[in-house]
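One structure is given here, and the rest of the page talks about it.
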Amino acid sequence: MWPPSLLPAVLYPPPASVFVTAMSVVSFASLASAGLSELRGQHMAYSKFWHVVSGQQQQQKKGGTGGALLSSRDGMLVAYAPALVAAAASFVVPGAVEGLRAELLAAALAVHFLKRVLEVLFIHRYSGNMPLNTALTISSSYLLSAITMIYAQHLAVGLPDPTTDLLYPGVLLFTVGIAGNFYHHYLLSQLRKGGDDDKGYKIPKGGLFEFVTCPHYLFEIIGFFGFAMISQTVYALAMASGTAAYLIGRSFATRRWYESKFEEFPTTIKALIPYIL
């Protein structure tokens with residue numbers, strides 16, 4: 001997956017754990033596959049793509065979406081809250097978090113998911129629903145990734161340290177990622193000043209929205225690579241790489257969606273990285 005020479009320089013040796021090794025492969029492969037699905041138009045049913053997916057399903061099956069539905073707000077709480085609880089609980093589980101690196105990683109995970117929960121409650125505006133199975137899929141993915149990242153860090157205790165220490169650059173990168181993600185989520189929320197009753201979509205403005213359709217995804221990727229640099233484990237890098245692959249696909253799908261909805265959508269705006277991608 002990565003050049004062998006990279007491992008001793010910036011990563012701890014892979015732990016002798018079948019579970020962590022399997023999770024590294026499965027997490028990267030499943031997220032990359034989901035990103036390809038987004039590129040092909042097979043969207044995960046949340047956010048604006050709930051309307052796309054539900055419409056397709058209603059055409060295929062007169063009975064509707066064929067599964068239990070949650071409001072989008074409740075669905076996103078289901079998605080994020082378990083991972084927040086797991087990250088916070090790791091501090092009270094004896095031996096789970098040992099050393100400064102593990103403490104900073106667990107704290108960063110807790111901050112990340114706490115921010116997500118608070119955004120769901122107080123920032124984001126919602127207009128649709130979310131299938132229960134989608135909420136549970138996202139929830140289990142985040143929960144397993146948080147637990148596995150902390151566990152992989154626990155297994156790294158006593159292993160030879162990487163020759164390049166990326167701990168503090170990782171904290172800085174994570175901070176940039178979470179701040180940039182929050183700022184652009186706030187800008188998105190201001191498009192619907194009427195609250196959840198305002199169900200219309202608009203072209204986002206301000207910040208990096210002037211250059212790309214999904215700057216919030218760009219900063220989320222930055223935050224996940226912050227996790228990887230804080231941790232310096234193979235699993236954290238696999239998770240960050242898989243997340244990047246998924247969000248690249250999702251950002252291209254989002255750009256296509258804006259183009260289909262707004263004739264005046266600027267052709268100069270990229271999907272994820274200004275002037276490049």
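Taking 4.0 Å as the cut-off between side-chain N and carboxylate O, Glu38 and Arg256 do not count as a salt-bridged pair.
Just one of Leu277, Ile221, Leu272, Ile273 meets the side chain to side chain contact (heavy atoms under 4.5 Å, CB included) condition when paired with Ser251; it is Leu272. When the options Leu143, Leu118, Leu84 are evaluated for a side chain to side chain contact (heavy atoms under 4.5 Å, CB included) with Phe113, the one that passes is Leu84.
The shortest non-hydrogen separation linking Ile269 to Phe209 is CD1-O, 3.8 Å. Considering every non-hydrogen atom in both Gly207 and Leu187, the closest pair reads N-CD1, 3.9 Å. Of all heavy-atom pairs spanning Arg255 and Pro266, the tightest one is NH2-O, 3.9 Å.
A distance of 12.5 Å separates OH of Tyr142 from OG1 of Thr137, quoted to the nearest 0.5 Å. Interatomic distance, CG of Leu191 versus CD1 of Ile203, reported as 10.0 Å (0.5 Å rounding).
For the pair Asn129 (side chain) and Ser72 (backbone), a donor-acceptor distance under 3.5 Å is absent.
Follow the hydrophobic side-chain contacts under 4.5 Å out from Leu155 and you reach Leu104 in the same cluster. Under the 4.5 Å side-chain heavy-atom criterion for grouping Ile, Leu, Val, Met, Phe, Trp and Tyr, Phe19 is connected to Met239 within one hydrophobic cluster.
Between Phe224 and Phe227, the ring center distance clears the sub-6.0 Å criterion.
Inter-residue side-chain proximity for Tyr12 and Gln153 is flagged as met; some heavy-atom pair is nearer than 4.5 Å. At a threshold of 4.5 Å between non-hydrogen side-chain atoms, the residues Tyr275 and Lys270 do not count as touching. In this structure, Pro162 and Leu11 have side chains that are not in contact, with every pair of non-hydrogen atoms separated by 4.5 Å or more.
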